[in-house]
Every structure is written in structure tokens, then in C-alpha cells.
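This report concerns only the one structure given below.
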Number of protein chains: 2
Amino acid sequence: MNNDLYMRLALDEAWRFQLLAYPNPAVGAVLLDANGKILSIAAHEKSGEAHAEVLALYRAFTAAKGEAPNPPKTSAEIHGFLRSNHNGFFADATLYCSLEPCNAEGKTPSCAALIADLSVSRVVFAARDTTDKMKGGGEYLKSRGVEVEGGCLESEGEKLLAPFRIWQKKPFVLFKQAIRLDGSIDGGIISCHEALDETHKLRSVCDLLLIGGASVRADRPTLDARRTGGKAPDVLILSRNKDEIAAKTAMAESVFMDNNDILNGNVVRNLTGNLFDKNIPLFSVPNRKVMVANLGELERHLRGFTLVEGGAEMFNLIYDHIDWCLFYQSAALTGGEKRVKSDRPLELLRAEKFHSNTKLWFETKR
Amino acid sequence: MNNDLYMRLALDEAWRFQLLAYPNPAVGAVLLDANGKILSIAAHEKSGEAHAEVLALYRAFTAAKGEAPNPPKTSAEIHGFLRSNHNGFFADATLYCSLEPCNAEGKTPSCAALIADLSVSRVVFAARDTTDKMKGGGEYLKSRGVEVEGGCLESEGEKLLAPFRIWQKKPFVLFKQAIRLDGSIDGGIISCHEALDETHKLRSVCDLLLIGGASVRADRPTLDARRTGGKAPDVLILSRNKDEIAAKTAMAESVFMDNNDILNGNVVRNLTGNLFDKNIPLFSVPNRKVMVANLGELERHLRGFTLVEGGAEMFNLIYDHIDWCLFYQSAALTGGEKRVKSDRPLELLRAEKFHSNTKLWFETKR
């Protein structure tokens, strides 16, 4: 079998954690031994934790040698553990990575240095690391005598990496929508509980959650990450009424509300009361900011990873700001009437069964 | 890595040809060498051609040894070629199959005998072959000294095999529908051309194509397999008007029309003229039968593999006859208004990107 098969396994694994390692990129890795046997498959699962390459190396080692008595926990500890214990285990191994291994110490030690120190004989990667801080891993590995082959399934690697490429330069905006097979998006909970859990994970890693004022009034949401115990995101409510309120209160700027202020009953409460019922649960989540903005103000509020919690009107209203869409689609053919209708195009990036839902990734074409 | 990874690769490959090998089952196979390296991945692609196991063995052999000067073409020739040339190549190999290898000569020679003759050391399979004719491959292999392990990802193997299990006993009915992301199904061509091609492949292997009378009148379809050069299927038109016509013409039975009769201008033409415009292209396809039936007559017309070409009303009308559904879903959010609306449940079996569409397999829950 050729490189593509192994790289595809690495890409597939990485997609399972797409966006969840924010602000880091989604990366997958597969390790083969000298005979071409697959030893491990891994992805970078969470920022601050071990990179995909390191996890793949560690998993292959422990699968063969057994767990350490005191297993290393942090990425730095895993690096140290492998350096101390490898004893030539990785000589003649081939490592497939969807992204060129990093070449400098970030939150975790450099992968390229570790790979070379462990005497991995060959590294195949898909997309090139072009960040000023991390680039050059391939060249470094070559200088250390590792055989390096870049550009394997490069375009697939670039697709996987596209969100990271975007948020290096400007805010990345994901429009997330729960939808039924019949296209309906209203009428109660649509997603399976695993999709709801994943949405809460996305909320806990994003910088900002954007939602429409009408949805806030109709659904009275909490918009926290309680299902997975994560941090509740700051919320930006897009509201047409905001203009009117702002004019009345002589505020030219967006209305900023800190929930601690709301809970403490300060002056913002009165203003809030005009826009939204302050008993809507999202206003009672502590340690979160809530902002209200109109469409003209939207752009300057967008932050690194902005998660948009869908809606029939929202899609068209902010299409020109959306980079990607994530749809969790149930198999139901009944339950609601409201649909996202738009002549703005989407291009399918990936589709897969995710428990009882279908998980669909799209990019916009602006 | 454990068995599951390799079996999953076999299952994935088999799903690409789901129903296309009718009346044979969808089967996938993966071959590993003594060191655990993947040598080949294959599926049974078409009835009468080589089984998945045989293709996997052949591909692995030619990848290592090069193409034969006069490559074997038929499955029997491939069996013969491998028996004559293997020279111990497969000793210590492991073969993963989604279905227990067949144990008797059908349209092609027995896989179990070939596998044993080639001295494959180990066979892992998912679902057991329970057909009277083919069963017992595992026991046979054991009796020949092959290590055999059944039941690996068995439930996934059974899902893959479910249509075959059904059409062993009764007609298998597939409801096929092109749909947009917004749920709409009308307003012009929806599917990408690869999905259209695959639909024509399904038409060419099915025993009967079922379509609603309203669709025939509105869409004036041809319903042949011209995109892939296959045989046009016989057509059953489900028509409410048929009762009236039948009463008028004192025909108690379904109206059978042979297109050759229609083209020859015999008496059926007059009858046809009452129900449908005889210039609708499907009536001009030679060597096909067209039948018209009402709902009460439907069941006795259903044949081995009946392909239903969707429609908003058809789904609910015949839900109790449907086994599986296949939806080709485009990424469009506009283009039509009509939807399949139903409170009858579907359970997602599989979802995957298929060119620019999403290919969705569901089973009904009757």
C-alpha cells in the first residue's frame, strides 16, 4: 500500500478533533514499524496537551512495552519519558503526520527534536507548517539524518488545516446548525446527545459565541458548556432592536454587559431589561461577558474563534463573515417547519456518521 | 493495532459497492503479510466477478510480483493463476473478510478452498455465512489448518450484509431520494454527476424500478441506465388512476405493458394512452417491461431488489414495504419547496462524502 492510505488514517483521526484543539491546528499522526505495520494512530486533542506525533510515538511504545509504573502526564513529561526510555525502539519507524512537525518549543517541547532524538527513520507529512514560530521542522529533521517527504495528500492536509490558517490572520467564524433530514431547524432539540456534548466542547474552546436576538428571546438559552464541564463562552447577541435602545440611551457603542454586573444589580440591568428579559438563563451564567451589537458593529466584535449558533435568518445575515459551517443532521423527517433558505453556496468538506447524527463540514464561497 | 482497524478498512471498502454486486452480498477484504503490513484492500464489485478475498489476494500478489504477461480476467482464471503461481507467497498472511469466505462453487470457484490452497495462515471474518449453499467456510478452513477467528466487528458486518440477508428471504426494497440540505426534493437536478452515475448503476442491477404515476407525468423520465451503459430496468408505476382505468377496461389485474408492444403499436397503446402520455421517454426504451399497479397490488409485484425512485408522497405511501433508504444530499439551501415529510422513523446506518454530495444510508423501523 502507498503513503496515501496511512496519511488518510492520520487525517481521519485529526478530523475527529477539528477545532477542539483551538488555538492549535487539528493534526493527526500514524506510526509504522520497519516492516510497515501500523503501531499507532493519534490526533492532537486539546491545546496544551501532547501533539499528535508525540501521542502516536507514546502509544506505540506503551502498546509494545506496557504502561510505565508512573505514567507521564504532561506533554513535557511524555517527551522526557520517551527520550529516557526509547532505547532504539523507533529506529526504522515511519511517522505520517498531517502537518509538518513543529520545530520550536511552544506550549510543549519541539516535536521535530523529539522525532530526531528517537531516531525515527522517516517522516511523511501532508501540509507544510508556515508559521514563523514553528516552521522548518522538515529541514531540521533532514539535517538530523531523517528521511523526509512532504506534500503527501497535501490538499487534504490543507483542508484540515484551513481553520488554523485563517485564525492566524483574522477571526475564524464557524456557523453551527442542528438540522433534520427534512431541512427543518425548529421545534425542539434535534441533535443526539453526543452532538450536544460536542457543541458544548466547541463552546468551551471558542473565544466568542454569536447568537441572534430573536433566538435569545424565543429559546431563552443558557449557552454554557455544562454538559462537558467547560468554561462558558462570552456571548455576542446580534440585535436589530439594539439600535433603537442605543439611541434612546444615547449610547453610540455596543452595549457591553458583564453578568457579574447583572447579578449585582447595577445600572446595566435596566438597560438589559429593555432589550431582553434578564431572567433568560444566559444572563445568569457567572464570569461571562454578554455584548449586544448590530450588524454594522459585528466585524469588530469577532474574535479568534467565533462560534455562531445558527438560525434561519442568521445564515444569510452574516454569510460574508462565515468561513465554515458545521451541521449536525438528524434522520428525522418531521418536527419543525423553519428552514435555512439561501442562495449563497456551500461546498462540502467532509461528512461522517457521528452516533445517530450526520456531521457535515462545509466551507463558504465568498 | 488490533483486528478492528483492518476489519473497518474492509467494511469501508465494501460499503463503496453496497448493492452494486446484487444478487451477491457486499463484501470487503484486507490482506496483511506476516509482519502485519497491509498488502491490499478489495471489495466484491460486481456479481460474476472475483470475490473480495480473491481480489485482495490477487492485488497483493501482483503488487509484489508485477502484472502477469497475460493477466487473468475472469474470477476462475484468477483462482487458477494464483494456484499456479503463488509459490508460498501467502504463507503467514492474514486475511480479513467482512463475510465468512464462501465454501462452495457458485458463479465463481470457492474462496475457502483457494485460501487454504494458498496456505494463508489466518482468516478473520465479521459476519457468518448462513446460506445453505455457501456456509461452512470457517469450519472448512480450520479443517485445512488455517487459523480462523469469526465475529470481529460482527454487528457492523451484519449491517453491511443486511440487504443480502433480506433478499435471501423476500424482496429488498430501497427507497432512493435526491435531496438538498434544506430538505427540498423538487426543482430540477439535485445530485452531482457521480451520484447520477451511481443511480444508473443501481438501476442496471436492480430487478424492478418503482415510481409514482405523478412523478412519471410531471418529470417525463427515461429511467434507463444510459449514463453507465447498463440494462434499463423493468418499471412498475404506482398509480391511483389505474383502478379507474382497469375498471373501464374490465381488467382486474395489473396492466402489463411491454415496450416492444408499445413501439409496435398494439392494443396496449390505447390503454397506455389513457393513463400516461405514451411519448413519455420511459415507454420508448426497448426491451423493458412497464407495469402499472395500485397500492393494493404492490406487494406481489415487488421483486428481489426493487429500487424506488423517491418522491414526497411515495415515502409515506409505501413506508411499510421499504427496507433501506439511500439519500444523495447536495449542499444547496435553495432550489425547491417540496419535501419528504413523515413521522415514520429512519435510523442512520452510514454517512460519507461522495464527491460533492453526502451519501446517506438509512434503515426503516417497521
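By convention in this document, chain letters (A, B, ...) are assigned in the order of the sequence lines, proteins followed by strands, and residues within each chain are numbered from 1. Keep in mind that what you see is a predicted model, and the values were worked out from it rather than measured.
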Please state whether the side chain, the backbone, both or neither of [X] comes within less than 4.5 Å of a heavy atom of chain A.
X: Ile179(B); value: side chain
X: Glu337(B); value: both
X: Leu349(B); value: backbone
X: Ser356(B); value: backbone

* Asked: Run the side chain to side chain contact (heavy atoms under 4.5 Å, CB included) check on Val340(B) and Leu181(A) step by step: do they pass?
  -> CA-CA 9 Å; Val340(B) 180; Leu181(A) 184 57; over 6 Å; no
* Asked: What is the minimum heavy-atom distance between Leu9(A) and Leu9(B), and which atoms define it?
  ->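 Smallest interatomic distance, heavy atoms only, reads CD2-CD2, 4.2 Å.
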* To do: Specify which of Lys353(A), Arg339(A), Glu347(A) makes the most heavy-atom pairs with chain B at under 4.5 Å.
  =>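 Most heavy-atom pairs under 4.5 Å with chain B: Arg339(A).
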* **Largest heavy-atom contact set with chain B, pairs under 4.5 Å, which of Asp182(A), Thr334(A), Asp33(A)** => Asp182(A)
* For chain A, which residues of residues 358-366 of chain B have heavy atoms nearer than 4.5 angstrom -> Thr358(B), Leu360(B), Phe362(B)
* Structure fact -> Listed by number, the residues in residues 308-322 of chain B that come under 4.5 Å of chain A (heavy atom to heavy atom) are Phe315(B)
* State whether the number of non-hydrogen atoms from other residues, nucleotides or ligands found under 6.0 Å of Ile189(A) atom CD1 is greater than 12. =>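 No, because the 6.0 Å sphere around CD1 of Ile189(A) holds 12 heavy atoms or fewer from other groups.
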* To do: For the pair Asn35(B) and Lys37(A), evaluate side chain to side chain contact (heavy atoms under 4.5 Å, CB included) and give the outcome as yes or no after the intermediate values.
  => CA-CA 7 Å; Asn35(B) 295 313; Lys37(A) 182 186 177 180; 5.6 Å; no
* Side chain, backbone, both or neither: which part of Arg350(A) has a non-hydrogen atom closer than 4.5 Å to chain B? -> backbone
* **Ser184(A) versus chain B, the contacting section by heavy-atom distance below 4.5 Å** =>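 Both backbone and side chain.
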* Structure fact -> Max heavy-atom pairs within cutoff under 4.5 Å with chain A, candidates Ser342(B), Gly36(B), Gly183(B), goes to Ser342(B)
* Asked: At what distance, to the nearest 0.5 angstrom, does CG of Leu333(A) lie from CD of Gln177(B)?
  -> 9.5 Å
